[in-house]
Amino acid sequence: MENEATISKNFIEQIIEKDIAEGHCKVVKTRFPPEPNGYLHIGHAKSILLNYGLAQTYGGQFNLRFDDTNPTKEKEEFVDSIKADVEWLGAVYDDRLYYASDYFPQMYEAAVKLIKKGLAFVCDLSAEQMREYRGTLTEVGKNSPYRDRTVEENLELFENMKNGVYKDGEKVLRAKINMQSPNINMRDPIIYRVARQHHHRQGDAWCIYPMYDFAHPIEDAIENITHSICTLEFEDHRPLYDWVVKELEYTNPPKQIEFAKLYLTNVVTGKRYIKKLVEDNVVDGWDDPRLVSLAALRRRGFTPESIKMFVELVGVAKANSSVDYAMLEYCIREDLKLKKPRVMAVLDPIKLIIDNYPEGQTEMLEVHNNMENPELGNREIPFSRELYIEREDFMEEPPKKYFRLFPGNEVRLMNAYFVTCKEYIKDDSGKVIEIHCTYDPETKSGSGFNARKVKGTIHWVSAAHALEAEARLYENIVDEEKGVYNEDGSLNVNPNSLTVIEKCFIEPSVAGAKKYDSFQFVRNGYFCVDVKDSTPEKLVFNRIVSLKSSFKLK
RNA sequence: UGGGCUAUAGCCAAAUGGUAAGGCACUGGACUCUGACUCCAGCAUUUACAGGUUCGAGCCCUGUUAGCCCAGCCA
């Protein structure tokens with residue numbers, strides 16, 4: 001973070017600086033214009049933070065605007081969640097919360113203006129006929145037979161459209177541009193349709209709705225947006241965007257700039273797919289931690305800071321690309337590293353008994369919450385004769401360079417004493433169930449003892465005091481580039497990417513943990529108290545991310 | 001096969017005619033009350049390919065290849 005100066009400007013910043021230098025604009029106004037038809041995901045975070053960041057650095061403003069021009073897909077639930085997510089990310093829009101649907105009167109007037117200029121006409125072609133007339137990628141289209149209606153006739157017909165004289169789909173209003181254009185978007189695109197649908201915000205006030213290509217530039221112009229930033233698939237729409245802005249004679253023409261969407265390797269991004277996984281009950285909802293929706297990432301324990309760091313690291317460009325998921329993990333580790341307490345938790349326990357430690361005795365050890373950040377203070381943890389340690393921290397027959405516990409070896413119990421393994425007990429099946437050690441009282445942590453050193457340090461919890469909790473090890477739902485769904489609709493991803501550890505042991509200091517509290521479970525990774533499933537009696541932890549793997553056999 | 005866009009390391013990404021930044025990942029070493037963290041070192045004689053212009057090209061020109069987007073009354 002301290003090397004911010006070395007981060008070079010992205011291409012959008014360069015365009016903006018040129019625009020400012022050439023006097024096209026003084027300040028920068030941007031917007032995030034989601035359609036409220038789903039929850040936001042990590043890809044949207046890129047757009048939000050990009051738009052918000054630009055407004056910040058160039059002394060402008062950032063608007064949140066719901067592009068709610070198609071009532072069939074939109075719901076109030078989604079506008080609420082989107083607002084929450086945008087705020088969570090820290091993109092502040094103050095009172096600049098807008099709805100495209102509030103501009104319907106202006107859009108209607110704009111359409112009338114185009115008609116009066118002879119640049120729009122009412123067309124009676126059916127959807128199917130329209131498709132035929134439009135031509136194909138390689139063949140030009142042909143003019144609609146209704147293209148030459150008079151201004152007066154168009155005005156009257158359009159007003160009738162608004163007044164509900166026609167059935168849904170019976171007539172549309174089209175821009176009169178060029179049916180021969182190699183760009184299909186310019187072949188007399190539809191700008192208004194008749195659709196009797198209940199709008200989540202406008203109710204039944206309208207039975208005609210504007211199309212995106214017509215509505216969006218108007219929305220931007222009304223809000224004095226200077227730079228309308230969208231994704232690559234709208235590049236072909238830019239000539240139409242510019243056409244609308246020009247013909248409507250806005251004096252403050254906004255400029256559309258496109259950038260590449262964010263994809264993550266092997267995870268399901270895309271609102272469409274996430275939505276289907278939710279609707280098909282493959283996952284438990286929009287905030288299922290196996291997803292990369294913002295709600296899911298939040299529930300899993302990702303912080304807004306980590307998401308911000310991530311999108312900054314990823315950068316902004318025009319090349320389609322897929323970012324390594326490890327980059328996201330790096331960002332959350334980096335963010336939590338110094339911010340969160342490191343507690344001891346044993347996920348796969350095996351009992352360790354210290355034979356020479358007095359039975360029934362408990363001593364409280366004062367330990368640092370985070371060795372690297374003293375500001376997080378200290379806490380006390382109980383130590384006693386019977387402990388749990390991680391099963392992988394003991395081996396009967398250790399390979400070379402294994403320096404944790406094995407018969408005869410001495411290791412440090414983190415924050416406590418050195419112990420030496422004397423013997424171990426197996427059950428009938430040969431599974432090790434108990435390890436016996438002796439401890440050396442002189443080696444207590446913080447005592448300054450340095451007469452001898454050990455190579456290994458392992459974590460533990462006191463068996464009698466440990467808190468039982470549930471841990472969930474989520475993996476992302478993997479998309480192996482074959483698509484999330486097969487053509488027949490069957491699922492093509494692995495949804496079984498959830499491991500639940502019903503009973504793990506955590507040191508008692510986490511007893512009062514609240515929702516969203518997160519900890520580093522020493523060597524087991526970062527975990528967050530699940531906001532949905534935790535109760536004071538039973539803590540449920542979602543794993544945010546693992547630490548890098550430890551000992552590897554060569 | 002029409003139009004638009006893109007191509008720099010395993011993954012992102014900078015370099016705007018002056019001799020290939022940075023990050024992630026990975027590898028080696030040092031350190032360590034965890035093998036994590038931190039630190040140090042290594043990691044593109046070359047920018048999809050082939051030509052050309054130039055004293056000099058990832059950048060300019062020509063051609064080729066590959067990928068993405070567009071034929072909703074969705075956004």
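Labels below follow one simple rule: chain letters A, B, ... track the order of the sequence lines, proteins then strands, and each chain is numbered from 1. What you see below is based on every heavy atom in this structure, not just the backbone, and it leaves out hydrogens, waters and symmetry mates.
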Problem set entry | Pairwise P distance, B:rG10 and B:rC43 [rounded to whole Å] | 15 Å
For this session: Indicate whether OP1 or OP2 belonging to B:rA75 is found under 4.0 Å from a side-chain N or O atom of A:Lys271.
Result: no
Exercise. Quick one: is A:Arg134 getting a side-chain N or O under 4.0 Å of the B:rC73 phosphate, OP1 or OP2?
Worked result: yes
Exercise. Hey, what's the ring geometry for A:Tyr209 with A:Phe104, parallel, tilted or perpendicular (30° and 60° as the breaks)?
Worked result: perpendicular
For this session: Answer yes or no: side-chain N or O of A:Asp236 and base N or O of B:rG3 forming a donor-acceptor pair under 3.5 Å.
Result: yes
Problem set entry | A:Thr69 side-chain N/O to B:rA75 phosphate OP1/OP2 under 4.0 Å | yes
Exercise. Taking only side-chain nitrogens and oxygens of A:Arg193, does any of them come within less than 4.0 Å of OP1 or OP2 of B:rC74?
Worked result: yes
Exercise. Within the structure, does a side-chain N or O atom of A:Arg187 lie under 4.0 Å from either OP1 or OP2 of B:rA71?
Worked result: no
Exercise. Looking at A:Tyr330, does any N or O in its side chain come under 4.0 Å of the phosphate oxygens OP1/OP2 on B:rC24?
Worked result: yes
Exercise. Closest nucleotide of RNA chain B for A:Val454 versus for A:Ile190: which of these residues is on the 5' side?
Worked result: A:Val454
Problem set entry | Span that lies between the P atom of B:rU53 and that of B:rU45, in whole angstrom | 26 Å
Exercise. Taking the same atom, P, in B:rC68 and in B:rU27, what whole-Å distance lies between them?
Worked result: 32 Å
Exercise. Looking at residues at least two apart in the chain, or sitting in another chain, which of them share a salt bridge (Lys or Arg N to Asp or Glu O under 4.0 Å) with A:Lys162?
Worked result: none
Exercise. Does a side-chain N or O from A:Arg333 land closer than 4.0 Å to OP1 or OP2 of B:rC24, or not?
Worked result: no
Exercise. Under the side-chain contact (heavy atoms from CB on, under 4.5 Å) test, which residues partner A:Asn10, sequence neighbours left out?
Worked result: A:Ile12, A:Glu13, A:Leu50, A:Val316
Problem set entry | Atom OH of A:Tyr325: over 12 foreign heavy atoms under 6.0 Å | yes
Exercise. So does A:Lys73 reach the base of B:rC74 with its side chain, donor to acceptor, closer than 3.5 Å?
Worked result: yes
